[in-house]
Each structure stands twice: as C-alpha cells, then as structure tokens.
Protein chains: 2
Amino acid sequence: MSFFDTVGKFAVGSRLRLLTEKITEDATQIYQMYGVDMNPKWFPVFYVLSRGEAMTITAIAKEIGHSHPSVSKIISEMVEKGLVKEKKDKTDGRRNMVSLSAKGKDINGKIQEQYTDVKNAIEAISANTQHDLWKAIAEWEFLLEQKSLLRWVQEQKKERESQKVKIVDYQPAYQQAFKDLNVEWISKYFKMEAADYKALDNPQGYILENGGHILVALYEDVPVGVCALIKMKDPAYDYELAKMAVSPAAQGKSIGWLLGNAILEKARSLGATKIYLESNTILKPAINLYYKLGFEKIIGHPSPYERCNIQMERPL
Amino acid sequence: MSFFDTVGKFAVGSRLRLLTEKITEDATQIYQMYGVDMNPKWFPVFYVLSRGEAMTITAIAKEIGHSHPSVSKIISEMVEKGLVKEKKDKTDGRRNMVSLSAKGKDINGKIQEQYTDVKNAIEAISANTQHDLWKAIAEWEFLLEQKSLLRWVQEQKKERESQKVKIVDYQPAYQQAFKDLNVEWISKYFKMEAADYKALDNPQGYILENGGHILVALYEDVPVGVCALIKMKDPAYDYELAKMAVSPAAQGKSIGWLLGNAILEKARSLGATKIYLESNTILKPAINLYYKLGFEKIIGHPSPYERCNIQMERPL
DNA sequence: TACATTTACGTAACCAGTTACATAATTAAC
DNA sequence: GTTAATTATGTAACTGGTTACGTAAATGTA
C-alpha cells in the first residue's frame with residue numbers, strides 16, 4: 001500500500017477511512033473479552049443513556065453526531081436485546097423517551113473496567129507517538145467547523161487563478177472586449193443608454209483623449225475584465241471610476257478586486273486625490289466590491305444615467 | 001455534540017469516522033468545481049492507473065488498501081463512464097488488465113490543478129494546527145500494524161488484573177484449593193499418582209513440617225493459584241519447586257509469573273542457592289513460564305513421578 | 001379557531017465499503 | 001498426467017451509516 005506515500009495529502013479522506021477501520025475492527029472482540037454482550041456500534045447511544053436520564057431519539061442523535069434514523073435503528077436493536085426501554089412521553093405524544101433497562105444498567109457496571117483499559121491502551125499508543133492524534137483531530141474538527149474543506153479549496157483555487165490574471169493598459173485591440181463585457185451586464189440588468197454607446201464605441205476619443213484611462217484584465221491572455229477612469233469636469237473630483245465589467249465566466253478569480261486596486265493605483269500615480277463613481281444597489285456584488293475598495297456612499301450628486309441610484313467616493 | 005468531551009478516548013473510532021465524513025462530504029462538489037466528471041470514490045483507483053501501466057484488479061486493490069470486490073465494482077462503474085478499458089491477459093486468462101482510456105487520460109490532465117489546490121488547502125489547514133494530523137495518522141498506522149488495538153487492550157487488562165492478585169502464605173483454610181487446583185491439571189493431562197495424594201491431602205505434614213513452603217495467589221480474595229517449595233534430600237539442591245497450579249478461569253492475569261517470582265524470592269530469603277523442578281514437555285505454557293523464570297534444562301536426575309520427562313534448575 | 005409551519009420519529013431506499021462464496025485458470029506436487 | 005492447492009475475479013449478501021419521505025403531534029399565526 002505505497003499509495004499514500006505517492007498520492008500525498010490529496011487522499012486524507014481515504015487514509016482516515018482505513019485508519020478508522022483498523023481501529024474499529026477489533027471492537028467486537030474487545031467487548032467479548034470483557035463478557036459484555038454489546039454491539040460496538042451501540043456504544044455511543046449506550047454511553048449517553050448510561051448517565052441515567054431518559055432521552056428522546058433526536059436528543060441522543062444530536063449529542064452523538066448521528067442522524068436520527070441511525071439512532072432509531074440502534075434503539076430498536078437494543079430494545080430487542082433488552083438493554084433499553086421505550087416510553088411515550090405523556091405531555092408530548094411525539095416523543096419516545098428511551099432509558100437503560102435493568103439489564104442495561106447491569107452491563108454498564110461490567111463495562112467500566114473495559115473503559116479504563118481501552119483508555120489506557122489508547123494512551124499507551126499515544127505515548128509511543130510524537131504527534132498527538134487526539135489533539136490533531138480536535139483541531140481539524142474545529143477548523144472544518146469554521147470553514148468547510150470546500151471553502152478552503154475554493155480559496156486556494158482563487159489564489160492560484162488570480163496569479164494568472166494580468167492587468168494591462170488599454171490598446172485598440174481591446175475595444176471589442178471593452179464594449180462586449182459592458183454591454184453584457186448593462187443589457188442584462190438595465191437598458192443601454194445613449195451615453196453608453198458613446199463611451200463604448202469610441203473609448204479612444206471619448207475616454208482616453210479626454211484625459212482618462214482604461215485598464216484591462218487578461219486571464220491566460222484573454223480579456224475578461226475592464227475598467228475605466230474618466231476625467232471629470234466637477235472640480236470636487238479628479239476622476240470617475242466607470243465601465244467596470246468582469247466576464248461572468250471568469251468569476252471567482254478576484255478579477256474585480258485586482259482591477260479595482262490597479263485603477264486606484266493608476267489614479268494615485270496621476271496625482272488624483274478623490275475618485276467618484278455611481279452605480280445601482282441591485283448590483284450587490286459590485287457595491288460590495290466598491291466598499292471593499294474603500295468607497296463610501298455619498299448623496300446629492302447628479303447623474304446623466306437613469307440607472308444610477310447610488311453615488312460613492314474614495315479619497316486617495 | 002459534547003459527547004466526545006465526556007466519553008474521552010474510548011470513542012476514538014467514532015470520532016475518526018465523523019471527521020472522515022466531514023472531510024469527505026465536500027468531495028463531490030470539489031470535483032464539480034473543476035469540471036471533472038468523476039465519483040470521489042473512484043479516485044484511488046484512478047490515481048494508480050494514471051501512472052499509465054495496465055494493472056490487474058487485485059494489484060490495484062492491494063495498492064490502495066481496498067478489498068478486490070470493491071475495486072471490481074469501481075472498475076465496472078468507470079468502464080460504464082468510459083474512463084477505463086479492460087483487456088483479458090493473453091498469457092493468463094484469469095487476469096483482467098485495466099488501464100485508462102483516452103477519456104480517462106484527458107481527465108487526468110484536467111485534474112492536475114485540482115490536486116495542487118486540494119493539497120495546498122490541506123497544508124493550509126495543517127498550518128493552522130499545532131498537531132500534525134498527517135504524521136499522527138502515519139504513526140498510528142505503523143503502531144497498529146505492529147500490534148493490533150486488541151493486543152494493546154489485552155496488555156492493559158492483564159496489567160490491571162495482575163495488580164489485583166495477592167500472593168500470601170499458605171494457611172490450613174487453603175488446603176482444599178491447594179488440592180483442587182492441582183488435581184484439575186494433573187488429572188486432565190495425566191493420572192493422579194500415590195505421591196500426589198500424599199502431598200495434596202496433607203500439605204501440612206508432608207511439605208510444611210518437612211521444611212517446605214507453600215504460597216497461594218488470591219484474586220479478589222479467592223485462591224486461584226498455588227505453588228510449593230519442597231525441601232529436598234539431594235544435597236545438590238535446596239528446594240524443589242512443585243505443585244504449581246493456576247486456575248484456567250484466571251488465565252491471562254500473569255498469575256503463574258507472579259507466583260513463580262514470589263516463590264523464588266521466598267527461596268532466596270531462606271538462603272537457598274539452587275532450585276530444582278521436574279515437569280513434562282506437553283505442558284508447553286508451563287515450560288515456557290519456567291524458562292521465563294530463569295530455569296534451565298538439565299539431564300539425568302531421577303524422578304519419583306512417571307509423568308516427568310524434563311528436569312530443570314535455577315541457580316539463585 | 002383554523003391553517004401553516006415545525007418537530008419527532010419511523011420506514012424505505014441508497015451508499016461505500018465489507019465478507020462469503022463460486023468459478024475458472026494457473027501452478028505445484030506426486 | 002492427474003490431482004490438489006493457489007490465484008484472479010465476479011456475484012451476492014451483509015453492515016453501518018446516510019438521505020428522502022411520510023405521518024402525527026405540537027406550536028405559531030392570521
């Protein structure tokens with residue numbers, strides 16, 4: 001089984017499963033050794049009931065981390081063996097109150113020595129290791145509770161992919177992409193307006209030659225995001241951030257974030273001290289991004305666009 | 001799920017199972033995220049085949065640590081999906097040679113980025129822990145390979161129980177036990193002889209009053225083992241170790257060992273320098289015990305007992 | 001007070017593995 | 001050259017869990 005040596009950590013799951021099996025396989029014999037007539041899989045249920053209180057199926061399930069049907073099955077097996085007894089709750093007809101029978105309590109007495117021996121055996125094994133399995137499990141449980149493995153992997157993917165993104169200056173070859181990417185979202189959520197066409201059909205004349213700038217995000221050399229910095233007439237601001245668009249196919253690569261930061265950097269290098277933008281609150285991810293980039297909501301600035309219902313600014 | 005906090009290490013198995021589940025549950029979604037049309041459970045098989053060589057079912061099973069029927073099922077599922085192809089071995093008609101199909105190889109290309117992201121994710125999780133799960137698993141695998149959990153527990157049990165054994169001096173109240181325990185094994189393997197009855201019916205007159213000693217092992221105050229030190233006439237020896245018997249019901253508690261050591265200690269305190277015994281080689285556990293106690297085989301000493309075919313001595 | 005929602009729980013079907021068993025092909029032994 | 005033992009594989013049945021679903025009781029709400 002050289003498998004794990006070569007495949008590495010990709011197969012933690014498989015490896016854990018095999019270890020679990022190895023640890024579990026002797027369980028039946030161990031119970032026999034102590035003359036305890038119990039199925040190992042009943043143990044967690046047995047244990048929580050051994051405290052004496054009657055419990056409902058779901059309460060047991062929750063405590064031991066099983067599904068309720070699993071507990072339901074275990075209980076009916078234990079009832080058959082006479083280890084536990086069931087009793088309908090008088091005040092709540094749904095509840096099935098389960099508790100240890102006399103025989104169950106008797107077994108609980110016998111099992112105490114087994115507890116200590118197994119516990120000591122596991123501690124003896126641990127004493128022979130450098131790395132504490134028990135504590136490591138607890139840490140993993142905690143970390144995966146906070147953030148699932150899926151999320152951890154997603155972050156790695158995003159990280160790796162964002163390193164493949166290059167932010168470059170606009171060139172005439174990107175005009176089509178600049179238009180297409182913007183038309184895509186504008187026509188999805190709103191209607192294209194006259195001002196849109198002016199800027200998108202002729203970014204050269206309408207944006208760049210008026211002192212503006214455009215940045216393009218390339219993913220594997222394909223333009224997947226654009227963003228413009230438009231020179232404003234209003235003396236309170238230097239530039240407006242506008243025409244920001246990211247291809248839906250390239251989501252999850254932090255392209256908006258990279259583009260936004262690059263454009264702020266560009267503005268800074270041009271000596272700007274305050275950037276303006278306008279948007280619409282139905283574009284939640286965009287608004288979120290703007291907040292993350294340091295923009296703050298302002299009120300009372302007029303807009304030529306019908307679709308805008310929020311204005312923001314970002315001091316540099 | 002406070003369960004594990006209170007039950008402690010007795011439930012490692014359960015706890016490992018839950019962690020395995022938690023790690024495994026996202027696997028399907030992770031494959032989806034990378035557009036890889038593969039069932040997570042196929043992965044180990046897929047991985048070993050991705051090295052390019054055609055392999056038999058059993059070779060795969062052995063390498064990944066599954067049973068062969070498991071691999072057999074996985075392969076037929078993968079064949080159905082077109083990921084692998086089967087081919088009967090020409091020189092050995094039993095063998096089913098399995099290898100990746102073109103489609104399988106294609107997926108192998110796509111999956112590479114997934115490998116690195118998952119590996120990095122797991123390393124990122126590990127970096128947030130104090131205790132290294134991966135290394136801890138490897139250590140446990142190794143230790144359980146050497147000695148199963150059952151054996152570890154057995155040792156703990158023996159250790160604990162042997163602490164409940166008390167070795168005490170003979171008293172008339174133990175005469176019945178002294179006789180019964182000896183009759184039990186003698187009549188099981190041989191026939192009771194005249195010399196046996198003399199010693200067992202009257203240990204007081206036959207052993208103690210002739211300068212001998214008897215020790216009794218009590219387990220929870222019940223006599224479960226006996227052993228006598230009989231004064232010898234032969235000037236070469238001080239005492240003979242004889243009439244050692246341990247109840248079969250009390251096996252596995254090291255009683256023979258404790259009794260043997262106590263009797264040697266007693267002999268030493270009496271100033272003896274050499275102990276003699278005779279036995280029969282069909283009593284393998286007994287002979288083993290004598291060797292462990294430091295006895296060595298000698299030849300050419302006459303015995304009054306028919307059943308003896310081996311003589312041993314132990315210098316003190 | 002009636003109706004929708006939630007909760008408790010059992011049953012059924014599924015899942016990913018296992019062991020047990022049967023069969024065919026190969027290899028070893030007399 | 002038979003016959004016995006071993007090996008490779010597939011099929012069936014089992015295991016210890018799950019999710020999906022249905023029903024009845026309790027609870028919340030208009």
Side-chain angles (χ1 to χ4, degrees), chain A residues 1 11 13-29 31 38-46 54-80 84 86-98, chain B residues 1 11 13-29 31 38-46 54-80 84 86-98:
Chain A
M1 213 168 54
S14 277
R15 193 167 196 176
L16 267 174
R17 192 186 55 73
L18 286 175
L19 179 60
T20 309
E21 226 161 64
K22 186 123 200 151
I23 289 182
T24 313
E25 73 187 2
D26 290 345
T28 312
Q29 281 168 276
Y31 280 100
M38 191 158 79
N39 186 326
K41 75 167 176 174
W42 300 344
F43 169 72
V45 171
F46 181 86
M55 294 177 78
T56 65
I57 301 283
T58 25
I60 298 170
K62 200 177 166 195
E63 183 142 356
I64 69 175
H66 281 207
S67 64
H68 87 262
S70 166
V71 174
S72 184
K73 274 193 282 187
I74 289 173
I75 291 294
S76 54
E77 287 171 29
M78 290 175 82
V79 166
E80 202 178 333
V84 300
E86 296 172 303
K87 201 179 148 198
K88 275 274 169 224
D89 187 353
K90 275 173 207 154
T91 66
D92 186 339
R94 296 165 305 175
R95 287 181 146 95
N96 180 1
M97 305 303 292
V98 183
Chain B
M1 211 168 53
S14 276
R15 193 169 195 175
L16 268 174
R17 192 187 55 74
L18 287 175
L19 179 60
T20 309
E21 226 162 66
K22 186 122 200 151
I23 288 181
T24 312
E25 73 185 3
D26 290 345
T28 312
Q29 280 168 277
Y31 280 99
M38 193 158 78
N39 186 327
K41 75 167 175 173
W42 299 344
F43 170 73
V45 172
F46 182 86
M55 294 177 79
T56 65
I57 302 281
T58 24
I60 298 170
K62 199 177 166 197
E63 183 142 356
I64 69 175
H66 281 207
S67 64
H68 87 261
S70 167
V71 175
S72 183
K73 273 191 282 186
I74 289 173
I75 291 294
S76 55
E77 288 171 28
M78 290 175 82
V79 165
E80 203 178 330
V84 300
E86 297 172 302
K87 202 179 148 195
K88 276 272 168 223
D89 187 354
K90 275 173 205 151
T91 66
D92 186 340
R94 296 166 304 176
R95 287 182 147 95
N96 180 1
M97 305 303 292
V98 183

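Every value quoted in this text rests on a predicted model; they were computed, and no experiment measured them. First the proteins, then the strands, lettered A, B, ... as listed; each starts at 1.
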>> Using modelled atom types and a 3.5 Å cut-off, is there a donor and acceptor pairing between side-chain atoms of B:Ser14 and backbone atoms of B:Ala11?
In response: no
> Think A:Asn96 has a side-chain N or O under 4.0 angstrom from the OP1 or OP2 of C:dG10?
Replying inline: yes
> Between D:dC14 atom C1' and A:Glu77 atom CD, what is the distance in whole Å?
Replying inline: 13 Å
> Please give, in whole Å, the distance from C:dC15 P to B:Trp42 CH2?
Replying inline: 12 Å
> Over how many whole Å does the gap from A:Glu86 atom CD to C:dA8 atom C1' extend?
Replying inline: 13 Å
> To the nearest angstrom, how far is B:Lys88 atom NZ from C:dA24 atom P?
Replying inline: 12 Å
>> I'd like to know if the side chain of B:Thr20 and the backbone of B:Leu16 have a donor-acceptor N/O pair within less than 3.5 Å.
In response: yes
> Could B:Glu21 and B:Arg17 be called an ion pair, given the rule that one side-chain N must be under 4.0 Å from one carboxylate O?
Replying inline: yes
> Does any donor-acceptor pair link the side chain of B:Arg94 with the base of D:dT7 at a separation under 3.5 Å?
Replying inline: yes
> Got a sec: does the NZ of A:Lys90 have more than 12 other heavy atoms crowding it under 6.0 Å?
Replying inline: no
> Which whole-number value in Å describes the distance from A:Lys22 NZ to C:dT18 P?
Replying inline: 13 Å
> What is the distance from CD1 of B:Ile64 to C1' of C:dG17, rounded to the nearest Å?
Replying inline: 11 Å
> Relative to the 5' end of DNA chain C, which residue comes earlier, A:Arg95 or A:Arg17, by the nucleotide with the nearest heavy atom?
Replying inline: A:Arg95
>> Starting the side chain at C-beta, find the nucleotide from D:dT11, C:dG17, C:dT11 nearest to A:Glu21.
In response: C:dG17
>> Test of understanding: with side chain to side chain donor-acceptor pair (under 3.5 Å), list the residues that count as partners of A:Glu25, not counting sequence neighbours.
In response: none
>> If you only use heavy atoms from C-beta on, which nucleotide in C:dA25, D:dG17, C:dG17 is closest to the side chain of A:Ile74?
In response: D:dG17
> Can you check whether A:Thr58 has a side-chain N or O nearer than 4.0 Å to OP1 or OP2 of C:dC9?
Replying inline: yes
>> Reading DNA chain D from 5' onward, which residue's closest nucleotide shows up sooner: A:Asn39 or A:Pro69?
In response: A:Asn39
> Any idea which of C:dC9, D:dG16, D:dA13 is nearest the B:Lys73 side chain?
Replying inline: D:dA13
> Considering only side-chain heavy atoms of A:Ser70, which listed nucleotide, C:dG10, D:dA8, D:dG17, is closest?
Replying inline: D:dG17
> Using a cut-off of 4.0 Å on non-hydrogen atoms, how would the nucleic acid contact of B:Thr91 be classed: base, sugar-phosphate, or nothing?
Replying inline: sugar-phosphate
>> Of the listed nucleotides (D:dG10, C:dC9, C:dT18), which one gets closest to any side-chain atom of B:His66?
In response: C:dT18
> What is the distance, rounded to the nearest whole Å, between atom CD1 of B:Ile57 and atom P of C:dA24?
Replying inline: 18 Å
>> Does A:Ser67 reach a base, just sugar-phosphate, or nothing at all? Heavy atoms under 4.0 Å.
In response: base
> If an axis is fit to five pairs at each end of the helix from C:dT1-D:dA30 to C:dC30-D:dG1, what is the angle between the two, to the nearest 10°?
Replying inline: 0°
> Taking OP1 and OP2 of D:dA8, is either one under 4.0 Å from a side-chain nitrogen or oxygen of B:Thr56?
Replying inline: no
>> If I take atom CG in residue B:Leu16 and atom P in nucleotide D:dG17, what distance separates them, rounded to the nearest angstrom?
In response: 13 Å
>> Given C:dA16, C:dT18, D:dG10, identify the nucleotide with an atom nearest to the side chain of B:His68.
In response: D:dG10
